[in-house]
Amino acid sequence: MSASPALDAILARIAAAAQAAGRSASEVVLTAVSKEQPWEAIAPVLAAGQKVFGENRVQEAAQRWAGRREGLELRLIGPLQTNKAQEALVLFDVIETLDREKLAHALIAAADRTGRLARLYVQVNTGEEPQKAGVAPLQADAFLDRVRGELGLPVEGLMCIPPAHEPPGPHFALLARIAARNGLDQLSMGMSGDFETAIGFGATSVRVGSALFGVRSGAV
């Protein structure tokens, strides 16, 4: 018996969604959103073989994964303050929330100090919601040109969080179009309620929290 039936169920749904889209399940990475979860909820998923985890806050992640970091990939999927850039680079393999030039400069300075640079995604605010982080869609091309060209940061993909009360498909399609015209092939999109839809639109990683660990305040 698996250590985590919930993980098995999510992986089966990812495989089915990929097959329906004419894709291989191996093209889609599951990011288990461990933010705000107690260790007793995370441990069975980790024991069952899950290696990629997503966190919202640098300090919370540092405490949760202290002494447990080896062999895992940690992704920062929440907003990053510039004064936390160095801590984030030391802890995370992937930062999915690059969304402003000031943060780009902070990451460059932190990389110079640490000799380490995480893989980077630019967050796009596809719904242009004022309360959400992310580059506006119409500004995304220019931002990518600036960050990748003049600043020399190796952005590998895009991330989005569609508005909660809108169909997610058009937002996933928009992100995919922005990625395609900028030569990017990594798309972090889709959460517990819509990851199968996201896979149909080309998601290469999906961020699943509540469907995997159970519903908690702030869970995805």
Side-chain angles (χ1 to χ4, degrees), residues 1-17 25 28-99 116 118-121 123 129 131-134 157 159-165 168 188-199 203-220:
M1 182 179 293
S2 170
S4 177
L7 176 62
D8 293 343
I10 295 297
L11 292 175
R13 289 171 61 186
I14 288 173
V28 185
V29 173
L30 169 62
T31 300
V33 180
S34 46
K35 65 172 187 173
E36 301 182 355
Q37 295 293 337
W39 186 251
E40 55 267 27
I42 298 169
V45 174
L46 180 63
Q50 176 64 22
K51 299 296 185 185
V52 183
F53 292 86
E55 293 282 346
N56 258 34
R57 296 181 177 87
V58 176
Q59 196 60 40
E60 180 186 342
Q63 293 171 355
R64 175 174 294 114
W65 296 104
R68 300 162 168 157
R69 179 72 180 79
E70 188 174 353
L72 303 181
E73 177 177 291
L74 294 187
R75 296 186 171 213
L76 180 64
I77 58 175
L80 177 58
Q81 299 173 344
T82 54
N83 64 356
K84 297 286 188 182
Q86 183 165 324
E87 293 175 69
L89 286 189
V90 170
L91 180 62
F92 290 98
D93 301 288
V94 184
I95 294 173
E96 297 195 359
T97 50
L98 174 57
D99 65 348
R116 174 182 167 88
R119 292 153 50 202
L120 299 173
Y121 286 54
Q123 181 174 354
E129 298 174 276
Q131 79 278 14
K132 276 186 185 170
M159 183 268 254
C160 76
I161 305 172
H165 302 297
S188 173
M189 57 189 193
M191 299 185 291
S192 287
D194 57 20
F195 69 85
E196 287 146 318
T197 300
I199 290 168
T204 57
S205 61
V206 294
R207 309 179 304 273
V208 180
S210 59
L212 184 57
F213 298 111
V215 177
R216 286 180 60 83
S217 175
V220 198

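We number each residue from 1, following the sequence as shown.
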- Task: Using modelled atom types only, decide if a donor and an acceptor are shared between the side chain of K132 and the backbone of C160 within a distance under 3.5 Å.
- Result: no
- Message: Evaluate E73 against R119 for side-chain contact (heavy atoms from CB on, under 4.5 Å), listing each step before the verdict.
- Response: CA-CA 11 Å; E73 177 177 291; R119 292 153 50 202; 3.0 Å; yes
- Item | Of D194, T31, L30, the residue whose pairing with V206 passes side-chain contact (heavy atoms from CB on, under 4.5 Å) | L30
- Task: Check whether any side-chain heavy atom of R69 sits under 4.5 Å from a side-chain heavy atom of D93, and report yes or no.
- Result: yes
- Item | salt bridge (Lys or Arg N to Asp or Glu O under 4.0 Å) against D8, all qualifying residues, sequence neighbours excluded | none
- Task: Could you tell me whether Q131 atom CD has more than 12 heavy atoms of other residues or ligands within 6.0 Å of it?
- Result: yes
- Where do A62 and L91 come nearest, in terms of heavy atoms and distance? N-CD2, 3.5 Å
- Query: Is it true that E60 and K35 make a salt bridge, defined as a side-chain N closer than 4.0 Å to a carboxylate O?
  - Reply: no
- Item | Distance, nearest 0.5 Å, that separates CZ of F53 from CZ of F92 | 13.0 Å
- M191 and its side-chain contact (heavy atoms from CB on, under 4.5 Å) partner, picked from I77, I161, V33: I161
- Could you give the distance from CG (L120) to OG1 (T97), rounded to the nearest 0.5 Å? 9.5 Å
- Message: Would you compute the distance between atom CD of Q123 and atom CG of L80 and round it to the nearest 0.5 angstrom?
- Response: 11.0 Å
- Message: So which atom in A118 and which in L89 form the shortest heavy-atom distance, rounded to 0.1 Å?
- Response: N-CD2, 3.6 Å
- Non-hydrogen atoms of I42 and F213 that approach each other most closely: CA-CE2, 3.8 Å
- Item | Test log, rule side-chain contact (heavy atoms from CB on, under 4.5 Å), inputs F195 and V28 | CA-CA 10 Å; F195 69 85; V28 185; over 6 Å; no
- Which residue pairs pass the salt bridge (Lys or Arg N to Asp or Glu O under 4.0 Å) test with at least one member in residues 43-56, sequence neighbours excluded? E55-R64
- Message: To the nearest 0.5 Å, what is the distance between CD on E96 and CZ on R207?
- Response: 6.0 Å
- Query: What pair of heavy atoms forms the shortest contact from A15 to A25, and how long is it?
  - Reply: CA-CB, 3.8 Å
- Item | Contact list for residues 80-90, test salt bridge (Lys or Arg N to Asp or Glu O under 4.0 Å), sequence neighbours left out | K84-E87
- Task: Go through the steps for M189 and T197 under the test side-chain contact (heavy atoms from CB on, under 4.5 Å), then give the verdict.
- Result: CA-CA 9 Å; M189 57 189 193; T197 300; over 6 Å; no
- Approximate separation, where rounding is to 0.5 Å, of I199 CD1 and R13 CZ: 9.0 Å
- Query: For Q81 and R57, what are the C-alpha separation, side-chain angles and deciding distance, and is it a side-chain contact (heavy atoms from CB on, under 4.5 Å)?
  - Reply: CA-CA 10 Å; Q81 299 173 344; R57 296 181 177 87; over 6 Å; no
- Item | Smallest separation among heavy atoms of G190 and A198, with atom names | CA-CB, 3.6 Å
- Pairwise distance CG(L212) to OG(S192) - rounded to 0.5 angstrom: 7.5 Å
- Task: Please answer whether the main-chain N or O of V52 pairs with a side-chain N or O of Q50 as donor and acceptor at a distance below 3.5 Å.
- Result: yes
